Amino acid sequence: MRKGFSVVLGMGTAVGVGLTSLAPANAIPWGQLIFNGVQLLQLSNVSPQQTVTLGQNIHQQVKQNYRFDTSSQTNTYVNRVGQRLARASNCSQIPFHFYVVRDSSINAFSTTGGYVYVNTGLLNTVDNEDQLAAVMGHEIGHICNNDLINKLKQTQLAQGAASLAGLNQSAVTAIAYKLAVDLPNSREAEFNADDKGLQYMKRAGYNPKAMPAFLKKLLRQSSQPSFLSDHPGTQERISVIERKIANGR
């Protein structure tokens, strides 16, 4: 649910939506940003409030690059499902926010600090609320697992910097946006988000079998969502998920 189930299932990074105002990844002066000077974020010990603040800042970028659906009925529905799952999560202390993006591609993505985005294309594809909960649970799993913060840590190490503490707020936001919305999560992060999503679905009273059912539906489509290529093998994910369900996990 990446682009987000960042789908498959998040799954984490957004796909198929035009980004207009943000510089492409190869245009961001990563080295210069990493070594600039005002302390903002110590990645070794990021507090929940810091993730919320970062999520708020990234949301401002998302608003510039995506069109949100204004239907009160649709937003109420997505928020109801999301809040039900968030209360069942292991990071329920974070204030979660759920938004509907007007885009026909089948996708959802999340950033950090409780921000989750669902495409209208996904809403038109799921067969029922349980399948929507499968995608959203996966995205919430990415947030609870601090996957974006972990990607920031990996970026910092790749640049040879001791920390990202030297970045100013706009620089951190630009990097975090790119990592959350445009770049895929690791294989391990995707499987872990699947696992968390299953847990949250069961706690919230949803049918966990909806997760593999939705993935199978995507595989049967004549034109598969492009974001599937950014995730681990879909058939392998289905097998792992079904094995966990059979074992009562």
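Just so it is clear, the model here is predicted, and its values are computed rather than measured.
Looking at residues two or more places apart in sequence or on another chain, you find a ring-ring contact (aromatic ring centres under 6.0 Å, His included) between His97 and Tyr115. Qualifying side-chain contact (heavy atoms from CB on, under 4.5 Å) partners for Gln49, counting only residues two or more places apart in sequence or in other chains: Ser47, Val52, Thr53.
In this structure a side-chain-to-backbone donor-acceptor pair under 3.5 Å is missing from Gln131 to Val126. Remark: side-chain polar atoms of Asn75 are paired, donor with acceptor, to backbone N or O of Asp69 under 3.5 angstrom. Under the 3.5 Å distance criterion, the side-chain polar atoms of Lys151 are matched with a main-chain donor or acceptor of Leu183. In this structure, Ser92 contributes its side chain and Ala88 its backbone to no donor-acceptor pair below 3.5 Å. Between the Gln61 side chain and the Ala174 main chain, no donor and acceptor come within less than 3.5 Å of each other. Remark: the backbone N or O of Lys178 is not paired with any side-chain donor or acceptor of Asp182 at under 3.5 angstrom. Between the side chain of Thr173 and the backbone N or O of Ile58, no donor-acceptor pair lies under 3.5 Å.
Using a 4.5 Å heavy-atom cutoff, the side chains of Val240 and Asp194 are not in contact.
To the nearest 0.5 Å, the span separating CE on Met211 from CD1 on Ile245 amounts to 7.5 Å. Note that CG of Leu179 and CG of Asp147 are 11.5 Å apart. Values are rounded to the nearest 0.5 Å. The OG1 atom of Thr112 sits 8.5 Å away from the CG atom of Leu152 when rounded to the nearest 0.5 Å. The structure places CD1 of Ile241 at 14.0 Å from NZ of Lys209, a figure rounded to the nearest 0.5 Å. Separation of atoms CG (Leu218) and OG1 (Thr125) is listed at 7.5 Å; rounding is to 0.5 Å. Rounding to the nearest 0.5 Å gives a distance of 4.0 Å between NE2 of His138 and CD of Glu190.
His59 and Phe68 have their aromatic ring centers within a separation under 6.0 angstrom.
Between Leu219 and Gln235, the closest heavy-atom pair is CD1-OE1, 3.8 Å. When all heavy atoms are compared, the tightest approach of Thr111 to Ile143 is O-CG1, 4.1 Å. Across all non-hydrogen atoms, the minimal contact from Glu139 to Val116 is CB-CG1, 4.0 Å. Nearest heavy atom pair, residue Ala86 against residue Ser89, reads O-OG, 2.7 Å. Contact record, Lys196 with Asn90: CE-ND2, 3.6 Å, taken as the closest heavy-atom pair. The two atoms that bring Met136 and Gly82 nearest to each other are CE-CA, 3.6 Å, heavy atoms only.
When the options Ile238, Asp127, Ile106, Leu132 are evaluated for a side chain to side chain contact (heavy atoms under 4.5 Å, CB included) with Phe214, the one that passes is Ile106. Shown are Tyr66, Phe98, Tyr99; of these, the ring-ring contact (aromatic ring centres under 6.0 Å, His included) with Tyr117 is made only by Tyr99.
Contacts classified as disulfide (SG to SG under 2.5 Å) and involving residues 104-146 (residues at least two apart or in different chains) are given here: Cys91-Cys144.
For CD of Gln73, the number of neighbouring non-hydrogen atoms (other residues, nucleotides, ligands) closer than 6.0 Å is 12 at most.
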- [ ] Determine, step by step, whether Tyr77 and Val100 satisfy the side chain to side chain contact (heavy atoms under 4.5 Å, CB included) criterion, reporting the C-alpha distance in whole Å, the side-chain angles of both residues, the deciding distance to 0.1 Å, and the verdict.
- [x] CA-CA 10 Å; Tyr77 171 52; Val100 179; over 6 Å; no
Task: Asn207/Met201 under side chain to side chain contact (heavy atoms under 4.5 Å, CB included): CA gap, chis, key distance, verdict - done: CA-CA 7 Å; Asn207 183 358; Met201 288 181 72; 5.7 Å; no
TODO: I would like to know whether Phe191 and Glu236 meet side chain to side chain contact (heavy atoms under 4.5 Å, CB included); could you show each step before the answer?
DONE: CA-CA 10 Å; Phe191 279 114; Glu236 181 183 4; 3.9 Å; yes
Task: Trace of the side chain to side chain contact (heavy atoms under 4.5 Å, CB included) decision for Val78 with Leu123 - done: CA-CA 9 Å; Val78 170; Leu123 295 176; 3.9 Å; yes
